[in-house]
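What follows is a set of notes on a single structure, which appears directly below.
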Protein chains: 2
Amino acid sequence: MARQTRERILETSLAMFNAQGEPNVTTNHIADELGISPGNLYYHFRSKDDIVEHLFARYEASVGDALLLPDGRAPNLEDIWLQLHLVFESLWGYRFLYRDLVDILARNRKLKLRFARIMNRASTSATELLRGLVRAGVMRASADEIHALAENILLVATFWMSFDAVRGGKAEAGEADLNRGIHRVMMLIAPFLRDAERYHLNTLAATYVR
Amino acid sequence: MARQTRERILETSLAMFNAQGEPNVTTNHIADELGISPGNLYYHFRSKDDIVEHLFARYEASVGDALLLPDGRAPNLEDIWLQLHLVFESLWGYRFLYRDLVDILARNRKLKLRFARIMNRASTSATELLRGLVRAGVMRASADEIHALAENILLVATFWMSFDAVRGGKAEAGEADLNRGIHRVMMLIAPFLRDAERYHLNTLAATYVR
DNA sequence: GTCTATATAGGGATAGAC
DNA sequence: GTCTATCCCTATATAGAC
């Protein structure tokens, strides 16, 4: 059952990291929660960081998939909202990374590089999509505006979870946060849209929040 | 020289927290850096958190000042950029808070409440300013759009420092980051502006970055 | 693979002399 | 006010028996 214990460690770690924050979850806590000994945990993973790195690999794969552009015809607005949803769900699954992002990346160079690669892919992807919208005449924006908008989308995509954790007093997080995050990005794009689409989006967006 | 040691502890702590991150700076490190004993440090402050709380109070005062709306006539765009600059400089001076915001607030309820109060003030202030721009005809936006925009401004204002730390590889931070942060907020507002102002802002903004 | 027991290290914090 | 010495605790990680 080696494989199974290893897998359970990863799953439990992820759940506890997400719930309590990675710095506040010790290897002993994880072992306790699983009902195994700390020694056993260290038989399967060399270090706590080793666990984090394996979880990061899964995060990487998950987001990587979600970022894949559905090729074929140029995506329209509906396609974009769908993809946005997929990406945000991926991030949400590994929200512990974002909660202490600066510290986690500061203490692990490899992860910092890998994260930078993901960010670059996301940036390229967002820019492509926005350019597509401009070409399709759905949106009006200069090259500089597209660039700034893409960066702001990345910023919001990176920190909407932390922002929700810090804003408002509601303790429990969940799907509502996801919708709020998506809503934020929509409203970032809205003002660049043609009046018809802008109006439609504002209507649609209203269903996302509150 | 009691007063002076106390003050030096606060100043040095702030500098070290900002440079290395609060979780990575121990009370012993601070004492070492100052050339005093750990015991002496604990004579002046009951705990590490006590130091953080005193620094937070200064942050609170600093941001509070910067958020004061210059009353009298309704502010124009120039006034707003100036105030934005003031606010961001305040935040920058206490950037350690933002680097580990979620953790710091999660472990200290009082600070969480006080931070929430600042956020509410900032939200009100931003909304007021935006409404002023709409009334002045400089900007076009629905009530919902203003609300969403204000929230996104808050999000960017809260995490632009972390975003820069995590994006791009440049190690050293400084004034360039400040300008990038301000630029981001400008570009959040730009698409809502009348064409004349939007164009002018894009020109102005170009000097802020790169 | 899994356990018990323990090494090692470091951080926060205090006692008591000066 | 300041120092030296030290306590206490918790976290990561390892050794060696089962």
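Order of the sequence lines sets the chain letters (A, B, ...), proteins ahead of strands, with each chain counted from 1.
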Atom pairs and distances, donor-acceptor, side-chain atoms in residues 56-64 of chain A, under 3.5 Å, two or more places apart:
from, atom 1, to, atom 2, distance (Å)
A:Arg58, NH1, A:Glu7, OE2, 3.2
A:Arg58, NH2, A:Glu7, OE1, 3.0
A:Tyr59, OH, A:Tyr98, OH, 2.5
A:Glu60, OE1, A:Arg114, NE, 3.3
A:Glu60, OE1, A:Arg114, NH2, 2.8
A:Glu60, OE2, A:Arg114, NE, 3.2
A:Ser62, OG, A:Ser90, OG, 2.9

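Side chains of A:Gln83 and A:Ile80 form no contact here, defined as non-hydrogen atoms less than 4.5 Å apart.
Salt-bridge formation is detected for the pair A:Glu128/A:Arg131: a Lys NZ or Arg NE/NH1/NH2 atom is positioned less than 4.0 Å from an Asp or Glu carboxylate oxygen. In summary, A:Asp164 and A:Arg184 engage in a salt bridge, as defined by a charged side-chain N under 4.0 Å from a carboxylate O.
For B:Lys48 and D:dC9, the NZ to P distance is 20 Å, given to the nearest whole Å. Atom-to-atom, CG of B:Asp32 to C1' of C:dG12 comes out at 15 Å; the value is rounded to the nearest Å. Atom CG of A:Asp49 and atom C1' of D:dA11 are 14 Å apart (whole Å). The separation between B:Phe45 atom CZ and C:dG11 atom P is 20 Å, rounded to whole Å.
The stretch residues 9-28 of chain A touches DNA chain D through A:Thr26, A:Thr27, A:Asn28, each having a heavy atom within less than 4.0 Å of the strand.
In this pair, A:Phe45 and A:His54 present their aromatic rings perpendicular. The plane angle is above 60°, beyond the 30 to 60° band. Taking the six-membered ring where tryptophan is involved, the planes of A:Trp92 and A:Trp160 are essentially parallel, since the angle between them stays under 30° and well short of 60°.
Within the 4.0 Å cut-off from OP1 or OP2 of D:dT2, at least one side-chain nitrogen or oxygen of B:His44 is found. For the OP1/OP2 pair of C:dT14 and a distance below 4.0 Å, the side-chain nitrogens and oxygens of B:Tyr42 include no atom meeting the criterion.
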Under 3.5 Å, N/O pairs linking protein and nucleotides 3-7 of chain D:
from, atom 1, to, atom 2, distance (Å)
D:dC3, OP2, B:Ser37, N, 2.9
D:dC3, OP2, B:Ser37, OG, 3.1
D:dC3, OP2, B:Asn40, ND2, 3.1

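Looking at A:Asp177, its side chain never comes within 3.5 Å of a backbone N or O of A:Met161 through a donor-acceptor pair.
Among the nucleotides D:dT2, D:dA13, C:dT2, the one closest to the side chain of B:Thr5 is D:dT2.
Within the model, atoms CD1 of B:Ile30 and CD1 of B:Ile9 stand 8.5 Å from one another, a figure rounded to the nearest 0.5 Å.
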